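Down below is the structure, laid out as structure tokens.
It should be emphasised that the depicted structure is a prediction, and the values quoted were computed from it without experimental measurement.
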Amino acid sequence: MADERKMFVIKDGPEGGIKVADEVVSNIAVLAATEVEGVDSMAGNITDDIVSKIGLNKLSKGVNISVKDDKVKVELSINIAYGYEIPKVSSKVQEKVKSAIETMTGLEVTQIDIDIASVANA
């Protein structure tokens, strides 16, 4: 491939192999996190915000993925909705993201760090 995406092998055998881009794993994490009640949105850096404002919607904003030896570490930055308990919502996000990544890719998730960037008004 000509682009600069990192690819992770999730299956390699005599019949062929399967690779997934790091952005795919990021997208899985974002979609799982935003399904949790109490998560208002993903938080991004200034570059992510500018990219989304000019119409290049980047689904994986607010997430950083690292994969080493088939083990995944995830860092999510989220905006939490006002009135929700941060520890409970964060724990549910960790469970949901871990389950989604492991189910869809077969990779083992060893760590999920949650950064609460802001509390959003209802």
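Counting heavy atoms from C-beta on, the side chains of T110 and K73 come closer than 4.5 Å. Between V25 and I101, some side-chain heavy-atom pair lies under the 4.5 Å cut-off. Contact check for V39 versus V89: side-chain heavy atoms found under the 4.5 Å cut-off.
For E15, the salt bridge (charged side-chain N to carboxylate O under 4.0 Å, His left out) partners two or more places apart in sequence, or in a different chain, are K11. In terms of the side chain to side chain donor-acceptor pair (under 3.5 Å) criterion, residue partners of N79 (sequence neighbours excluded) are, by chain and number, S41, S118. With sequence neighbours excluded, the residues forming a side chain to side chain contact (heavy atoms under 4.5 Å, CB included) with E35 are K96, listed by chain and number.
Taken to the nearest 0.5 Å, the CG atom of N64 stands 7.5 Å off from the OG atom of S26. Here the OH-NZ distance, from Y84 to K92, works out to 9.0 Å after rounding to the nearest 0.5 Å. Remark: D40 CG to Y82 OH distance equals 14.0 Å, nearest 0.5 Å. The distance from the CD1 atom of I28 to the OG1 atom of T105 is 6.0 Å, given to the nearest 0.5 Å. In this structure, I112 CD1 and E95 CD are separated by 9.5 Å, a value rounded to the nearest 0.5 Å. I114 CD1 to E75 CD: the interatomic distance, rounded to the nearest 0.5 Å, is 9.0 Å.
Minimum interatomic distance between A29 and L76 (heavy atoms only, all atoms of both residues): CB-CD2, 4.2 Å. For D70 against V9, the heavy-atom pair with the smallest separation is OD1-O, 3.6 Å. The heavy-atom pair separating E102 from L107 by the smallest distance is CG-O, 3.1 Å. The two residues I80 and G38 make their nearest non-hydrogen contact at CG1-O, 3.1 Å.
Both V93 and I116 sit in one connected hydrophobic cluster of ILVMFWY residues. Membership requires side-chain heavy atoms under 4.5 Å apart, directly or through other members.
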side-chain contact (heavy atoms from CB on, under 4.5 Å) between D113 and V74, worked out: CA-CA 6 Å; D113 294 323; V74 181; over 6 Å; no
Derivation and outcome, side-chain contact (heavy atoms from CB on, under 4.5 Å), residues I78 and D115: CA-CA 6 Å; I78 63 174; D115 298 328; over 6 Å; no
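A donor-acceptor pair is defined here as one N or O able to donate and one able to accept, closer than 3.5 Å; such a pair exists between the side chain of T34 and the backbone of L31.
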